[in-house]
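The block underneath contains the structure these notes are about, expressed in structure tokens.
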Amino acid sequence: FLFFLLLVVSILALYLRLLVTPKNRKQEVKFRARKTFCRRTNSIFGLHLSVVGHIPSDECYLYVSNHRSFYDPVAFLSCLNANPVSKAEVSRYPLIGWGARLTEVLMLDRNAKEERRRMKHRIYENLRDGTSILIYPEGTTSALPLTDTFRKGAFESAVKAGRAVIPVAMEYPDSSYYWINRPLYDQFVYQVVYRADRRIYLSIGQPITDPDPLILLEKTQNSI
């Protein structure tokens, strides 16, 4: 109950604040509100984030992460600023979808090839204009020991925009916490309500650059 109350209050407060916020400060306000919400969500559910590595300054990066659970973006955004790329279905979730759209989460229809091209350009525009991006290039959650195959589109955008990639590895106490073949509600109840071990591990790597998108992809995947 506290989570949904927090969600409603946070969305309404942000919506009202944006009405009186100058255009040039709206994104800063959205990022701050998103980080505050994610930190409070961690606190409500008693989740403890263990961070290894250096949290970057407010410079612009393409953050690339493996994908284990639906909770990955909440854990990430509780300590780092970036616009995440999410599957379009999230926009239809009650309340969560409204909050995601309000804070400019980039929604991708993974089944439409033309949409993927548009998203690659939107990622480039964000990076070019100084807004960091968070992507999960596996395309879905994975229980593999390492990572699944990465898609190269966002790496091409990073090279074109002249931005470095920061690899991020998310991990949980064991594979039973992974979001595999389980409905969202069941996963939510299992992972953040009844789980015994409430640790989440987040490891942040050093910035990676390369003029070749495929080599940049390979370096990033190896690092993760």
Side-chain angles (χ1 to χ4, degrees), residues 3 6-7 10 31 34-53 55-56 61-91 93 95-97 99-101 103-108 110 119 123 132-151 154-155 165-195 197-205 220-221 223-224:
F3 168 74
L6 171 63
L7 184 57
S10 298
F31 276 10
R34 183 195 288 156
K35 181 179 286 187
T36 298
F37 169 78
C38 291
R39 286 177 173 174
R40 288 175 177 170
T41 298
N42 289 344
S43 179
I44 285 174
F45 294 115
L47 298 172
H48 303 289
L49 187 64
S50 179
V51 180
V52 177
I55 295 179
Y61 297 104
L62 174 67
Y63 291 95
V64 177
S65 178
N66 66 323
H67 203 3
R68 293 300 197 193
S69 163
F70 81 96
Y71 204 83
D72 292 351
V74 180
F76 178 99
L77 295 169
S78 67
C79 62
L80 291 157
N81 284 329
N83 263 352
V85 177
S86 175
K87 60 183 182 180
E89 295 95 308
V90 171
S91 65
Y93 293 168
L95 293 177
I96 294 175
R101 291 191 299 271
T103 57
E104 298 184 16
V105 172
L106 304 181
M107 300 295 179
L108 172 64
R110 296 175 295 179
M119 181 58 69
I123 291 172
S132 294
I133 293 289
L134 166 64
I135 64 162
Y136 299 97
E138 292 170 287
T140 187
T141 52
S142 169
L144 295 174
L146 299 178
T147 65
D148 206 341
T149 303
F150 279 9
R151 299 174 183 178
F155 295 94
V165 170
I166 291 188
V168 177
M170 300 290 305
E171 201 46 270
Y172 293 80
D174 60 70
S175 60
S176 66
Y177 295 94
Y178 299 165
W179 188 16
I180 304 296
N181 298 323
R182 185 182 286 165
L184 177 61
Y185 177 77
D186 290 349
Q187 174 70 7
F188 179 85
V189 171
Y190 178 82
Q191 184 167 337
V192 302
V193 179
Y194 293 119
R195 61 184 293 180
D197 192 332
R198 296 180 174 270
R199 291 171 294 171
I200 301 174
Y201 304 97
L202 186 151
S203 182
I204 305 170
T220 303
Q221 190 166 17
S223 178
I224 293 172

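Owing to the predicted nature of the structure, the values given are computational and were not obtained by experimental measurement.
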Minimum-distance pair of heavy atoms, taken over all atoms of F155 and P137 = CE1-CB, 4.3 Å
Looking at side-chain heavy atoms only, is the closest gap between L49 and C79 below 4.5 Å?
-> yes
Between S78 and A75, what is the shortest heavy-atom contact and its length?
-> OG-O, 2.7 Å
Beyond-backbone contact of V64 with P167, side-chain heavy atoms, under 4.5 angstrom | no
Tightest non-hydrogen contact, residues L62 and A154, listed as CD2-O, 3.5 Å
Any side-chain heavy-atom pair of R34 and N83 under 4.5 Å | yes
Heavy-atom pair of closest approach, residues P56 and Y61 = CB-CE1, 3.7 Å
Exactly one candidate in I204, V51, I166 meets side chain to side chain contact (heavy atoms under 4.5 Å, CB included) with L80; the answer is I204
Nearest 0.5 Å, what's the CG-CD1 distance between L108 and I123?
-> 8.0 Å
Once you round to the nearest 0.5 Å, how far does CG of D72 lie from CG of L134?
-> 9.0 Å
Passing option when Y71 is tested against F76, Y177, Y172 for side chain to side chain contact (heavy atoms under 4.5 Å, CB included) = Y172
Candidate pair H67 and Y178, rule side-chain contact (heavy atoms from CB on, under 4.5 Å), full reasoning | CA-CA 9 Å; H67 203 3; Y178 299 165; over 6 Å; no
Minimal non-hydrogen separation, L146 against R68, with atom names | O-NH2, 3.9 Å
May I ask you to test the L77-F37 pair for a side-chain heavy-atom distance under 4.5 Å?
-> no
Just grab all the side chain to side chain donor-acceptor pair (under 3.5 Å) pairs involving residues 133-150, residues at least two apart or on different chains.
-> T147-Q221
Quick one: pull up CZ in R40 and CG in L6 and give me the separation to the nearest 0.5 Å.
-> 6.5 Å
Audit row: S65, M170, side-chain contact (heavy atoms from CB on, under 4.5 Å) steps and yes/no = CA-CA 7 Å; S65 178; M170 300 290 305; 3.5 Å; yes
